[in-house]
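This report refers to the structure that appears directly beneath it.
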Amino acid sequence: MKKTLAAVAVLGAFASSAFAADVTLYGRLDTGLLMDDWSSTTVGDVKTEGTDWGMQSGNTTTSRIGVKGSEEISDGLTVGFVLETKISGDTGAAFGDGFDRESTVWMKTNYGTLWAGKISSIWSDGGSNGFWGNYVPFTTGNAVGVGTNFMVAGGRVANRLSYRSPTFAGFTVYADYAFGDEENENRTTSDRPLGLGLNYANGGFGAGLAFQYVNEDTGTEPGDPEDQFTVGLGMSYDFGVAKVLFAGNYYQNANSVGTVLDGTSDGMLDLTGASKTTFDELKGYAVSLGAQIPAWGGQWEVGVAYTDGQDDADQGTFEFTGYNGAVMYSYPLSKRTNVYAGAGYTKVDADGNGFDKAEYESTTAMLGLVHKF
């Protein structure tokens, strides 16, 4: 819904341009109840467990608010912008990190569309130019389905150029490159990811392939850091009675793997006390399989995922595995509002030099409502 005056009121900085361009204030709120029965065992064989429940924002999709606009300069040339930030529907917190989800200016011509600013990777399930979401049953951050969080994908980074070609015979080409952080743009002291992708759509069939290379910050760790390489593959087919989704991810020399391993106790695997808790040479793969099934006026979403990886460094051995299964039902109350309920189970574990096992296990259930505007 067009809300030019509201956009001007919220973001006064755009007052001078709001009448020259088509400006839209948009967003969504996902708020519900979440129950998580979990246990975590550290490498020191210290086990903690509990059952947490309460109100949660973003169970199925990140709550957000944004403003976007565009202006047609001439035939074949349109320019625009996107500013989007995460919000917390349960507490009202917003703009904690500014426009942390996207901050871009873009230009569309007969030769494609180019974005510049902070934007997600092309192999992601969010942002203006990501196409990974076409092939995964549960988006990143879904409270019951963590298949996407088992994988290595490009996140949101600043100073990125992202390109999407026009579609020819069902094929669309994607590319992106990030110059690095603000203080070290295009220098060896900053991570500089490069991505190339190809997506195909024809009727009910879709397929996507993406490669990502990260020229890593030379200050990541002593010595020469290993540059990261990732391959992502996705396929889908809509049979009418159900849409089947498949995604695969292979990574080499990764520093983290989704929410499984991030080098801190915030990941699913708590490696506190291990001889090595930061990584530069993680190698492995992850796969997910799911379906979206229309039923009773709404939609079932089901999925399973598996990951298997190891630390490929010379100093020591480290291996981990994980699997997840989830189901969710969503029913639309209107074109902009739906209610949902879901449940999922996740387990990941690891073995390595100096410890027998670290483990994380969780059973989750949720119920809530999403409203989009």
Side-chain angles (χ1 to χ4, degrees), residues 2 4 7 14 16-24 26 66-84 99 101-136 153-182 185-187 190-215 228-236 238 247:
K2 309 291 183 177
T4 302
F14 297 103
S16 61
S17 63
F19 301 100
D22 180 15
V23 178
T24 302
Y26 69 94
V67 59
K68 59 185 178 180
S70 64
E71 181 179 14
E72 185 176 358
I73 305 299
S74 62
D75 285 343
L77 176 60
T78 301
V79 298
F81 70 92
V82 178
L83 294 171
E84 185 176 292
F99 292 103
R101 290 185 55 83
E102 186 165 332
S103 174
T104 57
V105 61
W106 56 265
M107 177 177 66
K108 183 178 182 179
T109 71
N110 294 330
Y111 302 98
T113 305
L114 180 69
W115 289 262
K118 184 173 185 178
I119 187 172
S120 290
S121 161
I122 57 174
W123 193 244
S124 68
D125 61 355
S128 295
N129 203 31
F131 63 94
W132 184 24
N134 297 336
Y135 308 111
V136 289
R156 295 173 173 85
V157 300
N159 301 309
R160 171 175 267 155
L161 292 175
S162 186
Y163 170 78
R164 182 175 68 217
S165 76
T167 299
F168 300 99
F171 289 95
T172 307
V173 177
Y174 294 75
D176 61 25
Y177 175 75
F179 293 89
D181 64 60
E182 192 68 26
E185 286 192 51
N186 225 28
R187 297 180 180 177
S190 184
D191 287 350
R192 289 155 292 149
L194 168 69
L196 294 173
L198 181 66
N199 196 55
Y200 176 74
N202 184 3
F205 177 74
L209 179 67
F211 301 90
Q212 182 170 321
Y213 170 79
V214 181
N215 194 330
Q228 177 179 297
F229 177 72
T230 308
V231 181
L233 171 68
M235 290 185 289
S236 68
D238 193 342

Task: Nearest non-hydrogen partners of Gly126 and Ser120, listed with the distance - done: O-CB, 3.5 Å

Open item on the list: For Tyr200 together with Phe171, are the ring centres under 6.0 Å from each other?
Closed with: yes

Task: Thr104 side chain to Trp106 backbone, donor-acceptor under 3.5 Å - done: no

Task: From Asn129 atom CG to Leu114 atom CG, the distance as rounded to the nearest 0.5 Å - done: 9.5 Å

Task: Note, Pro193 side chain near Asp176 side chain (heavy atom, < 4.5 Å) - done: no

Open item on the list: Please give me the minimum heavy-atom distance between Ser103 and Leu83, naming the atom from each residue.
Closed with: OG-CD2, 3.4 Å

Task: For Asn159 against Gly180, the heavy-atom pair lying closest together - done: ND2-O, 2.8 Å

- [ ] Please work out whether the ring planes of Trp123 and Trp132 are parallel, tilted or perpendicular, with thresholds of 30° and 60°.
- [x] parallel

TODO: State, to 0.1 Å, how close Ala210 and Phe131 come at their nearest heavy-atom pair, and which atoms those are.
DONE: CB-CZ, 4.2 Å

Task: Residue pair Gly127 / Glu102: nearest heavy atoms and the distance that separates them - done: CA-OE1, 3.6 Å

Task: Pairwise distance CZ(Arg156) to CZ(Arg101) - rounded to 0.5 angstrom - done: 4.0 Å

Open item on the list: Please check: side-chain N/O of Asp22 versus main-chain N/O of Ser70, any donor-acceptor pairing under 3.5 Å?
Closed with: no

TODO: Hey, could you give me the CG/OG1 distance between Leu198 and Thr172, rounded to the nearest 0.5 Å?
DONE: 8.0 Å

Open item on the list: Quick one, Ser128 and Ile119 - any side-chain contact, counting heavy atoms below 4.5 Å?
Closed with: yes

Open item on the list: Assess the residue pair Val67 and Val23 against the criterion (side chain to side chain contact (heavy atoms under 4.5 Å, CB included)); give the C-alpha distance rounded to whole Å, side-chain angles, the decisive distance to 0.1 Å, and a yes or no.
Closed with: CA-CA 7 Å; Val67 59; Val23 178; 3.6 Å; yes

Open item on the list: Has Ser124 got a side-chain atom pairing as donor or acceptor with Ser121's backbone, closer than 3.5 angstrom?
Closed with: yes

- [ ] Drop me the distance from Arg192's CZ to Asp181's CG, to the nearest 0.5 angstrom.
- [x] 10.5 Å

- [ ] Tell me whether the guanidinium CZ or amine NZ of Lys118 lies under 6.0 angstrom from the six-membered ring centre of Phe99 and within 45° of its axis.
- [x] no

Open item on the list: I need the minimum non-hydrogen distance between Ala247 and Val136, along with the two atoms involved.
Closed with: CB-CG1, 3.8 Å

TODO: Nearest 0.5 Å please: distance from the NZ atom of Lys108 over to the CD1 atom of Ile73.
DONE: 14.5 Å

- [ ] Calculate, to the nearest 0.5 Å, the distance between atoms CZ and OH belonging to Arg160 and Tyr177 respectively.
- [x] 11.0 Å

Open item on the list: So that I know where these two stand, are Tyr163 and Trp115 an aromatic pair - ring centroids less than 6.0 Å apart?
Closed with: no

TODO: Side-chain contact test, heavy atoms from C-beta onward, threshold under 4.5 Å: evaluate it for Ile122 versus Leu196 and give yes or no.
DONE: no

